[in-house]
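Each remark here refers to the structure printed beneath this line.
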Amino acid sequence: MKVFDYEDVQLIPAKGIVDSRSQVDTSVEFGNRRFKLPVVPANMQTIVDEDLSIWLAENDYFYIMHRFEEETRKDFIKTMREKGLFASISLGIKDAEYDFVDELVAEDLVPDYITIDVAHGHSDRVIKMIKYVKKNMPDVFLIAGNVATPEAVRDLENVGADATKVGVGPGKVCTTKLKTGFGTGGWQLAALSRCSKVARKPLIADGGVRTHGDIAKSIRFGASMVMIGSLFAGHEESPGETVEINNQKFKKYFGSASAQQKGEHRNVEGKSMLVPFKGSIQDTLTEMQQDLQSSISYAGGDDLDAIRKVDYVIVKNSIMNGESYNASGIGGFDVPESFASSNFSQP
Ligand SMILES: NC(=O)C1=CN([C@@H]2O[C@H](COP(=O)(O)OP(=O)(O)OC[C@H]3O[C@@H](n4cnc5c(N)ncnc54)[C@H](OP(=O)(O)O)[C@@H]3O)[C@@H](O)[C@H]2O)C=CC1
Ligand SMILES: Nc1nc2c(ncn2[C@@H]2O[C@H](COP(=O)(O)O)[C@@H](O)[C@H]2O)c(=O)[nH]1
């Protein structure tokens with residue numbers, strides 16, 4: 001199998017057709033709505049909250065609210081409806097989630113988008129939940145994940161998923177690859193490419209995006225939407241706790257399967273980091289849009305479709321010219337265990 005990841009690939013420029021990058025359209029249709037960018041902040045507790053969801057929806061960006069404050073989900077849907085905004089929530093697969101689905105139907109609170117958010121999406125339990133949601137809420141746009149293989153994409157699509165989310169273990173705060181030996185860490189882009197060969201519905205590339213150019217690469221290899229955690233951590237609007245060390249501001253970013261999230265040390269497959277404070281999320285989204293407009297212009301077109309057909313080369317591990325990601329200021333650092341547990345109150 002030919003494997004490669006984001007840092008191993010360079011897209012090859014084609015003859016440009018626009019006079020200015022400002023003419024380029026980065027918008028994407030996803031589930032009958034059009035969004036400004038093919039990018040969604042990860043549905044994690046230190047990345048998105050209600051305020052940010054409202055802001056994103058009001059400004060025509062896609063969002064998925066996380067599922068880690070279960071009891072607030074109905075009120076969240078009501079709030080979004082009162083504001084005339086779309087509602088997009090996450091769902092687990094435990095027994096109580098079936099009752100939750102029943103309650104949403106009974107109380108006429110069916111959201112516009114639901115994302116089934118579990119680590120091992122290619123499983124009987126996820127298939128059962130997809131069938132249940134689609135039977136009881138046929139109009140909801142249902143995203144299911146996470147998966148790593150074409151077989152999984154086929155299986156989840158066949159039982160009713162409207163989109164599948166690809167990426168097991170490539171995340172910045174993920175320890176799945178180390179603790180279990182499984183996943184798409186190190187070959188996430190190739191895994192996405194394999195999945196795109198069979199997908200009949202949209203794919204979301206999830207995890208491993210470290211630079212804005214990786215968004216264009218995700219689109220090239222089959223993604224309709226790109227889910228990003230670490231690049232969205234550390235903003236003013238990010239819900240992660242702010243920490244000051246030696247007069248420098250940081251924000252916490254922790255995994256959804258970390259001890260911090262779970263409140264216990266059982267089946268931990270995630271860790272916690274401090275990410276340098278980055279200012280406003282609007283600035284990052286604007287820069288992402290400008291960079292993607294530039295990508296599309298290099299692809300020789302004026303919308304995202306141009307990137308999907310562009311040629312590429314594999315240049316094994318060479319695009320950083322010997323620099324590490326941290327050296328370019330993109331990273332952050334891991335939180336020592338002692339610091340993580342003593343200075344952070346559990347959600
Ligand atoms: N994208 C990725 O690579 C990963 C993402 N995550 C994120 O972490 C969060 C927690 O995920 P998850 O633990 O699935 O959710 P939950 O903690 O809600 O667990 C869901 C259910 O699935 C069971 N379960 C979890 N993992 C497995 C497995 N490998 N095989 C069989 N059953 C399993 C759990 O039981 P029990 O705990 O008893 O096994 C539980 O009953 C999610 O937000 C997920 O997206 C986590 C790991 C990888
Ligand atoms: N293995 C784990 N993966 C996790 C955990 N929490 C979140 N995630 C996944 O990571 C991406 C974000 O990746 P990034 O590289 O952009 O930071 C997120 O969308 C999840 O799919 C976890 O605890 N363990």
Side-chain angles (χ1 to χ4, degrees), residues 5-7 39-48 63-70 89-98 100 115-129 143-148 152 164-189 191-192 204-212 214-215 218 223 225-234 238 240 251-273 275 284 288 325 330-332 334 340 347:
D5 213 338
Y6 290 106
E7 69 267 28
V39 161
V40 59
N43 49 344
M44 301 166 70
Q45 203 169 12
T46 49
I47 299 297
V48 70
Y63 79 89
I64 303 173
M65 183 57 179
H66 66 75
R67 65 178 170 90
F68 302 107
E69 288 151 26
E70 289 172 3
I89 64 159
S90 301
L91 192 67
I93 52 171
K94 293 182 181 165
D95 291 347
E97 296 291 71
Y98 288 87
F100 177 61
T115 299
I116 299 177
D117 167 43
V118 294
H120 191 12
H122 194 194
S123 68
D124 290 335
R125 284 178 78 184
V126 170
I127 287 171
K128 186 175 159 203
M129 182 55 93
I143 300 162
N146 274 24
V147 301
T164 46
K165 196 142 66 72
V166 178
V168 176
K172 185 99 174 177
V173 283
C174 162
T175 56
T176 300
K177 54 188 171 289
L178 304 173
K179 295 194 74 179
T180 72
F182 279 80
T184 59
W187 63 291
Q188 165 70 1
L189 198 58
L192 175 68
I204 303 181
D206 180 12
V209 167
R210 300 287 170 263
T211 65
H212 294 181
D214 294 346
I215 298 167
S218 304
M225 188 61 77
V226 186
M227 179 170 267
I228 300 178
S230 59
L231 287 188
F232 280 123
S238 309
K251 281 208 157 189
K252 282 206 170 147
Y253 174 40
F254 56 72
S256 303
S258 65
Q260 284 72 35
Q261 179 73 67
K262 292 182 162 207
E264 61 171 342
H265 207 96
R266 182 177 161 270
N267 291 123
V268 165
E269 289 185 22
K271 63 182 181 179
S272 181
M273 317 175 51
V275 177
T284 296
M288 265 181 193
Y325 286 115
I330 292 164
D334 295 0

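In this chain, numbering begins with 1 at the start of the sequence shown. When a ligand or atom number is given, it counts from 1 through the structure's own listing order.
- Using a distance-only test at 3.5 Å, with no hydrogens or angles considered, a donor-acceptor pair links the side chain of Ser238 to the main chain of Phe232.
- For Phe182, the ring-ring contact (aromatic ring centres under 6.0 Å, His included) criterion is met by no residue, not counting sequence neighbours.
- Ser90 contributes a side-chain N or O that, together with a main-chain N or O of Met65, makes up a donor-acceptor pair within less than 3.5 Å.
- Using a 4.5 Å heavy-atom cutoff, the side chains of Arg67 and Val118 are in contact.
- When Lys262, Arg125, Lys177, Gln261 are ranked by how near their heavy atoms come to atom 35 (O) of ligand 1, first place goes to Arg125.
- The closest donor-acceptor contact from the side chain of Lys177 to the backbone of Gly169 lies under 3.5 Å.
- Between Ile143 and the choices Val40, Asp117, Leu91, Ile64, the side-chain contact (heavy atoms from CB on, under 4.5 Å) rule is met once, by Ile64.
- Contacts between Ile93 and ligand 1 below 4.0 angstrom, taking non-hydrogen atoms only, involve the side chain exclusively.
- Selection from Ser258, Gly167, Ala119, Cys174 by nearest heavy atom to atom 47 (C) of ligand 1 gives Ala119.
- Protein heavy atom closest to atom 28 (C) of ligand 1, with residue, atom name and distance, is His120 CB, 4.3 Å.
- Residue contacts with ligand 1, taken as heavy atom pairs separated by less than 4.0 Å, involve Lys94 solely via side-chain atoms from C-beta onward.
- Every atom of ligand 1 with a heavy atom of Ser256 under 4.0 Å away is listed here by number and element: 7 (C), 8 (O), 9 (C), 43 (O).
- Considering backbone and side-chain atoms alike, Arg266 places an N or O below 3.5 Å from some N or O of ligand 1.
- Lys262 contributes atom NZ, which lies 7.0 Å from atom CD of Glu269 (distance to the nearest 0.5 angstrom).
- By the criterion of a heavy-atom distance under 4.0 Å, the side chain of Phe68, and not its backbone, is placed next to ligand 1.
- Atoms of ligand 1 lying under 4.0 Å from at least one heavy atom of Asp117, given by number and element, are 42 (C), 43 (O), 44 (C), 45 (O).
- Each of the atoms 3 (O) of ligand 1 lies under 4.0 Å from some heavy atom of Val168.
- Ligand 2 is surrounded by Ala42, Met44, Asn146, Gly171, Lys172, Cys174, Thr176, Asp206, Gly207, Gly208, Arg210, Met227, Ile228, Gly229, Ser230, Tyr253, Gly255, Ser256, Ala257, Ser258, Glu269, Gly270, each with at least one heavy atom closer than 4.0 Å.
- Side chain of Ser258 to main chain of Ser272: no donor-acceptor pair is present (N/O by atom type, distance under 3.5 Å, no hydrogens or angles).
- Counting heavy atoms from C-beta on, the side chains of Phe254 and Val173 never come closer than 4.5 Å.
- Residues Thr284 and Leu231 form no side-chain contact, since every pair of their non-hydrogen atoms from C-beta on lies 4.5 Å or further apart.
- To the nearest 0.5 Å, atoms NE2 (His120) and OG1 (Thr176) are separated by 11.5 Å.
- Counting protein heavy atoms under 4.0 angstrom from atom 13 (O) of ligand 1 gives zero.
- In this structure, Gly207 does not count as a contact residue of ligand 1, since none of its heavy atoms falls inside 4.0 Å of the ligand.
- Near Thr176, meaning under 4.0 Å from one of its heavy atoms, ligand 1 places the atoms 47 (C), 48 (C).
- Within the 4.0 angstrom cut-off, atom 38 (O) of ligand 1 has one or more protein heavy-atom neighbours.
- Side-chain atoms of Thr175 never come within 3.5 Å of backbone atoms of Leu178 as a donor-acceptor pair (strictly under, hydrogens ignored).
- In this structure, atom 31 (C) of ligand 1 has its sub-4.0 angstrom surroundings free of protein heavy atoms.
- Residue Gly169 approaches ligand 1 through these ligand atoms, each under 4.0 Å from one of its heavy atoms: 2 (C), 3 (O).
- Any N or O atom pair closer than 3.5 Å counts here, and Asn146 shares at least one such pair with ligand 1.
- Within a 4.0 Å radius of atom 21 (C) of ligand 1, the protein contributes one or more non-hydrogen atoms.
- In terms of the side-chain contact (heavy atoms from CB on, under 4.5 Å) criterion, residue partners of Asn146 (sequence neighbours excluded) are, by chain and number, Lys165, Val168, Asp206.
- For Glu97, the salt bridge (charged side-chain N to carboxylate O under 4.0 Å, His left out) criterion is met by Arg73, not counting sequence neighbours.
- Using a 4.5 Å heavy-atom threshold, the side chains of Ile228 and Met288 count as touching.
- Taking NZ of Lys271 as the start and NZ of Lys179 as the end, the distance is 12.0 Å to the nearest 0.5 Å.
- Shown here, atom 42 (C) of ligand 1 is in close reach of the protein: a heavy atom of it lies under 4.0 Å off.
- Put simply, the side chain of Met227 reaches to within 4.5 Å of the side chain of Asn43, judged on heavy atoms.
- Remark: atom 18 (O) of ligand 1 lies closer than 4.0 Å to at least one protein heavy atom.
- Distances between N or O atoms of Asp206 and those of ligand 1 include no value under 3.5 Å.
- For ligand 1, one of its N or O atoms has an N or O atom of Arg67 under 3.5 Å away.
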